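Structure, as structure tokens:
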There are 2 protein chains.
Amino acid sequence: MTSPRMRYREQVRDEVKEHAWAQVATSGASALSLNAIAKQMGISGPALYRYFRNRDELITELVLDAYRDLAATARAAATPKDPRARLTAVAAAMRAWALEAPHRYLLIYGTPVPGYAAPPEATEAARDLMSVLLDGFTALPDGSPSTLNSHLDRHRAWSPDETAAAAALRRALVFWTRLHGVVSLEVAGHFTGMGFDPQLLFAAEVAAAIDA
Amino acid sequence: MTSPRMRYREQVRDEVKEHAWAQVATSGASALSLNAIAKQMGISGPALYRYFRNRDELITELVLDAYRDLAATARAAATPKDPRARLTAVAAAMRAWALEAPHRYLLIYGTPVPGYAAPPEATEAARDLMSVLLDGFTALPDGSPSTLNSHLDRHRAWSPDETAAAAALRRALVFWTRLHGVVSLEVAGHFTGMGFDPQLLFAAEVAAAIDA
DNA sequence: TACTTGCGTTAGAGGTTCTAACCAATGCGA
DNA sequence: TCGCATTGGTTAGAACCTCTAACGCAAGTA
């Protein structure tokens, strides 16, 4: 099924994406230029439109790749048997992933392009990530009681696990938002100049979220 | 000191900014076009360069205005005597401010433009905002003990209040990151389609942060 | 009243995305 | 093995964008 043409096509697409990532890393997604990528590859601008319908499609692919990579990274880090240690490891892996390439994280969680709708595959990857978190919390006692529990019990459409306890849903959600709170401020540079060590704040928040 | 020319200049600058805000709200900051603004104002493109050195300078002004407005909004909401009620009110006001104009919030806390350095006035406004939070927590008992406290006590350069207790610093910081965690995901649309009510999650997180 | 300063203009350079039209080469079916 | 459709490259060009240069008019100032 993989005709030589298909193979070549995939190869070129990958090469384009590689250059795109390099450009995103240095100049951000908003400055991504198909023309510049073409020039780097030694071909002429419009040639790229044989491989990507337009700039948005390329960016969408990058977003999707990032989503899937983050989910895979989280899942790969979930090795410890003890749920607490597992969640801690997952959190650390996610932060490391974000710091490794800040703009990759921001491509997912930063300013969205208005009018841009995330493709279904993105929500799928998001669910996959959530299931890693949920897996940790279902193996843990309920945590402190919360009025949120019953609400989430009634609105659990987003949950990757139909049978998960409401308390686990709540804690996974909170884990996510708190982790994102610290990491997103860190990668966006809002801590620079403040003087403290973000790592310590992060660790404290993760520990608190695990017992929330 | 306000010569008629100065007055006119300020008036035009304000009008430009108004159009810029409208454009940011609908198409995001990355799509902001000086040319389009000029056309809307009935003048020709390059004329705007008499008022703003370049596109970046305009955006910087928008960012600054947003920063100051957020800080002022938070301060204005800090009316209740009871510190808990005060912090709750401040949090609600900040969330409302974000939801009122998502792109205004994202202009501050979203994806930063690489190579863009926040002007000193921005950090000033950030400190002002922080002082509102700090004011709430200094009026509250220390909360749960944390290893972070001593670290922050040693790295308190960012604190608007020299004499604030380390525990208050920690809790203000945590309040900020948690609030941002929920609000930023909400305004970026990451909760849409999940089905639950972000308001309830927010309220729960604020309550938890106040007692952190 | 004379003059400097500031604000507007158009022209244009150089960048972008993306479409249209064309051509060569590649791989596939007959 | 040959013919041909498909694919991937090309250039030209339209319609945007930012920003500079050069110029002229109309203000406020001395």
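Letters go in sequence order (proteins before strands), and every chain restarts at 1. Remember, it's a predicted structure, so these values are computed and weren't measured experimentally. Values reported hereafter were calculated over all heavy atoms of this structure, with side chains retained and with hydrogens, waters and symmetry mates removed.
Counting to the nearest Å, the P atom of D:dT7 and the CD atom of A:Glu10 are 14 Å from each other. Across the protein-nucleic acid pair, B:Lys39 atom NZ and C:dT10 atom P stand 12 Å apart, rounded to whole Å. Counting to the nearest Å, the C1' atom of D:dC17 and the CD1 atom of B:Ile37 are 13 Å from each other.
At a non-hydrogen distance threshold of 4.0 Å, B:Asn54, B:Arg55 from residues 53-63 of chain B come into contact with DNA chain D.
Taking the side chain of A:Leu34 as heavy atoms from C-beta on, and the options D:dT18, C:dT17, D:dT11, the nearest nucleotide is C:dT17.
Contacts of B:Tyr51 classified as ring-ring contact (aromatic ring centres under 6.0 Å, His included), with partners at least two apart in sequence or in another chain: none.
For the pair B:Tyr49 and C:dC7, the criterion of a side-chain N or O lying under 4.0 Å from OP1 or OP2 is not met. For B:Asn35, no side-chain nitrogen or oxygen approaches OP1 or OP2 of D:dC16 to under 4.0 Å. At the phosphate of D:dC16, neither OP1 nor OP2 sits under 4.0 Å from any side-chain N or O atom of B:Ser33.
With the nearest nucleotide of DNA chain C identified for both A:Pro46 and B:Ala47, B:Ala47 has the one nearer the 5' end.
Note on ring orientation: taking the six-membered ring where Trp is involved, the planes of A:Tyr67 and B:His190 are tilted (angle from 30° to 60°).
Cation-pi geometry between A:Arg104 and A:Trp97 is satisfied (NZ or CZ under 6.0 Å from the ring centre, within 45° of the ring normal).
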Pairs under 3.5 angstrom, nitrogen or oxygen only, protein versus nucleotides 23-29 of chain D, please.
residue: D:dA27; atom: N3; partner: B:Arg5; partner atom: NH2; Å: 3.1

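Within 4.0 Å (heavy atoms only), B:Leu48 reaches no atom of the nucleic acid at all.
With 3.5 Å as the limit, one finds a donor-acceptor pair spanning the side chains of B:Arg75 and B:Ser131.
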